[in-house]
Amino acid sequence: MAEQHEHGGQAPGDRPVIPEELNGPQADAVEHVDGPLLIFAGAGSGKTRVIVYRIANLIATHRVPPYRILAVTFTNKAAGEMKHRLERLLGPDIVRDLWVGTFHSVCVRLLRKHHEAAGLDRGFVIYDDGDQRAVVARVLKELDLDDRRYPPRQVLSRIHAYKQEGRGPDDVDSDGYFDDAVLRCYRGYERHLKQASAVDFDDLLLAVLRLVEDPESLAGDDLRRRFSYVLVDEFQDVNHVQYRLVRALCKQHDNLCVVGDDDQSIYRWRGADVRVIRGFRRDFPGASVIKLEQNYRSVANVVQAALGVIRSAKDREPKELWTSNRSGDQVQVVAADSEHDEAAWVASRIKELTAEGVSPRDIAVFYRVHAQSRVLEEVLRSERIPYQIIGGTRFFERAEIKNLLSYLRVVVNPRTDVDLHRIINVPSRKIGSTTIDRLIQVADNLRVSLYDAIEPLVEGAIDDVRAGGKPAVTTQTRKALLGFRDLMEDLRKKAREASPSQVAEEVLERTGYAKLLKEEDNAEADARLQNLQELLQSILDYEEEMKAAGEPALLTGYLERVSLTSDADTLEDVPKVAMMTIHAAKGLEFHAVFLTGMEEDLFPFRSMEPSRGDDVEEERRLAYVAITRAREKLWITHASRRAIFGQTRYNAPSRFLKDMPEAAVRGVLTPATQMMARRPEGSSGGFGSFSGASGAGRFGGRGDRDRAASTRFDTSPRPAWRHPQDSAVSGMRDAAPRPPPQSVNPGERFIDRDPDAESDGESISLRRGSRVRHERFGLGTVNSIDPGADPIASVTFSGWGLKRIKVRFLKPLDG
DNA sequence: TGCGCTCTACGTGCG
DNA sequence: GTAGAGCGCA
């Protein structure tokens, strides 16, 4: 019972029974169906199971029509999982009528019904983060604001913050010059989106909220009556708009059930407000509260370690996670010497695990920031451990994919400026930045979209665009612009009668994009073509799916789906080790977990700007989330030095380690730190050289690369992370963070000339066209070589594209 | 106009 | 380490 939550509950016929193995509070949560209900569900307490049975119970026992039930989840994946489990209990016919989805997908679905009432075009597009930033950049330019003083990212996050409080540009009091500029940007941003017939993710919710809260609106009336039971999962992560939305949707009946855990609130930076769950009882004075505190997931040592971390958190809802599971292995806290050493350690433990018969799919590696993944990935790859990375650069963010999607979006909605801007000169049609700038000026002057500005620009009617009597554009440019417009008009015509996949193929053909890539005939272009093929396939899959559901396959529908799919949804159920940030790990569980980079400044993470003071609290909860993902085995690693973001840092082990109870934890040294611990003070040498003031040099760290195959060894019984400065373990000082001895003059760039490194001799034999192998990227072809003390080659790798790699990391291939 | 080089800044990321 | 922006040159 410890691991699998979903054994019981085979429903006899269409009538699911409440399975006996649900414990007291769980059964209460399932059976309590009238009035507001707040469920505090601790980590691993069988939450999903309770939600599923609760819904099944509503339908089977209380005969609630499925289409009257709304269940909101945090990710599509969670929604999918819930539907899947419900299908097993209730069958697909009933589940099809349920409303299960994320806030955004539910809102899009509702807006599709009521787009007119919401004042939206039928073909509205959804702008993602990149699109939004592009809009802000354009607005900054338009307002003649310096984008260094007003970084688009910051401006955008302010705009988001306003939106998540439900405030428009006119509801904000300006508080100083910066605010003033931000406000002007906000106005411009809203205007551009409206003009482009685009919405951002916040707008999806706000649009529905406005309808629901409008007592006059007929659409709002429909929405208010639509659902008789509303259930919200991960309630600790809702923001104010989401909360208002939920309250408005169930105002007429109060059958609102929310499930969450304030200890797992980790998205404050994104607008989530843990006070919402903490204040639920105040907002719903009649609410019942049920606490699920028994953890079924993890061995007791893991639960104890997690409790140690969360116990000292401030302002917690009082509750105590407990487990009757066996104590299991202790949590191992591993002191590594560097990030390479750490990665090697992780890889060798994974090898042991798989040798013991643990499936790679049941192993996960977590990190605080994506930047940590590179080294881990390199080692796993060289050790031939299969892995999948969740997040990072996603498929839909690759340039060629975005380009094709932008074409499709312009086909659906020519006013979407961000997309038009992206593709107007891809592939090159001699429409350069000068022309585009003019087009933007015309568009801004006339307050129309870029697409609608093409006509006036080529007509030269806009005299104030240019000085003097010269035509606004040359004949050539005029031809290019009109050619582009005609192309788009043809594609739009095609879209009226053809399927989405046919339109996509037509785009690739008519634009010459496919031909261009084929002619390039190198590995990079090849990879791009393959990606485009993959996108076409996903469109075909969509068409297939719609056909099966008996619905028309529309281009807008496909584009909408793409917009609403995210990283967290891409975890495949395949035998591969999963690598992800801790944020992406929320809601998941694994047999064995490696939590890496457990160092001060990295975890808890310290940002450049010394702004928000409460952040450590959220980091603490993040640590709690990470630890509670592990069922059986948990390794927590920290490195005494780490090269990240282009500099080397010396960080102390994380403060969170000290909060874990000693009995649940065991300190371990990697072979490298062990060696250093034995070495007498002063002769460590392993720290190599220091690059001085530039901080950009490499360390001699000769051992790092050779150490990849770290061997099994015995461990110190003493906790390696405790007070390293005065530890009784001899030589632990060396593992402690401190500046290394300097061996070159400050400011002088140190170049690693390790005699053992693959020799320069080979670089001479490399030339343009040489085939080479790289540990991480595999086979590639050399495009060019920059000579120098440490020559660098530009190499095209199949599937990875063009990379600049130091020649000594390349192995030449014969032939 | 477009390419290639240099400089910079770098969190986490639902949908 | 590296992607993306800015800038100078062909």
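Below, chains carry the letters A, B, ... as their sequence lines are ordered, and counting in each starts from 1.
The ring-ring contact (aromatic ring centres under 6.0 Å, His included) search around Tyr513(A) returns none, not counting sequence neighbours. Legend: residues meeting ring-ring contact (aromatic ring centres under 6.0 Å, His included) with Phe74(A), ordered by chain and number and at least two apart, are Tyr267(A). When the salt bridge (charged side-chain N to carboxylate O under 4.0 Å, His left out) test is applied to Asp263(A), the partners found at least two apart in sequence or on another chain are Arg316(A), Lys319(A). Legend: residues meeting ring-ring contact (aromatic ring centres under 6.0 Å, His included) with Phe201(A), ordered by chain and number and at least two apart, are His104(A).
Between Ser433(A) and Leu204(A), the residue whose closest nucleotide on DNA chain B is further toward the 5' end is Ser433(A).
Counting only Watson-Crick or G-U wobble pairs whose defining distances are both under 3.5 Å, the stems of 3 or more consecutive pairs in DNA chain B are B:1-10 with C:1-10.
Here the two rings, on His583(A) and Trp269(A), have centers that are under 6.0 Å apart. The six-membered or imidazole ring of Phe366(A) lies away from that of Phe594(A), with a centre-to-centre distance of 6.0 Å or more.
Among the protein residues, Arg561(A) comes within range of no part of the nucleic acid, since none of its heavy atoms lies under 4.0 Å from any strand. Here Gln164(A) lies in heavy-atom contact (under 4.0 Å) with a base.
Dashed line: the shortest gap from a side-chain N or O of Asn425(A) to OP1 or OP2 of dG2(B) is under 4.0 Å. Using a 4.0 Å cut-off, some side-chain N or O of His370(A) falls inside it from OP1 or OP2 of dG13(B). Checking the phosphate oxygens (OP1, OP2) of dG2(B), a side-chain nitrogen or oxygen of Ser428(A) falls inside 4.0 Å.
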(message) Under the criterion salt bridge (charged side-chain N to carboxylate O under 4.0 Å, His left out), I'd like the reasoning laid out for Asp237(A) against Arg268(A): C-alpha separation, chi angles, the key distance, then a yes or no.
(response) CA-CA 8 Å; Asp237(A) 285 323; Arg268(A) 196 170 74 106; over 6 Å; no

(request) I would like to know whether Arg368(A) and Glu619(A) meet salt bridge (charged side-chain N to carboxylate O under 4.0 Å, His left out); could you show each step before the answer? (result) CA-CA 10 Å; Arg368(A) 178 64 182 80; Glu619(A) 298 285 312; 2.7 Å; yes

Tabulate atom names and distances for all N/O pairs under 3.5 angstrom spanning the protein and nucleotides 7-9 of chain C.
none

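By the 5.5 angstrom centroid cut-off and the 30-degree plane limit, Phe201(A) is classified as not stacked against the base of dC14(B).
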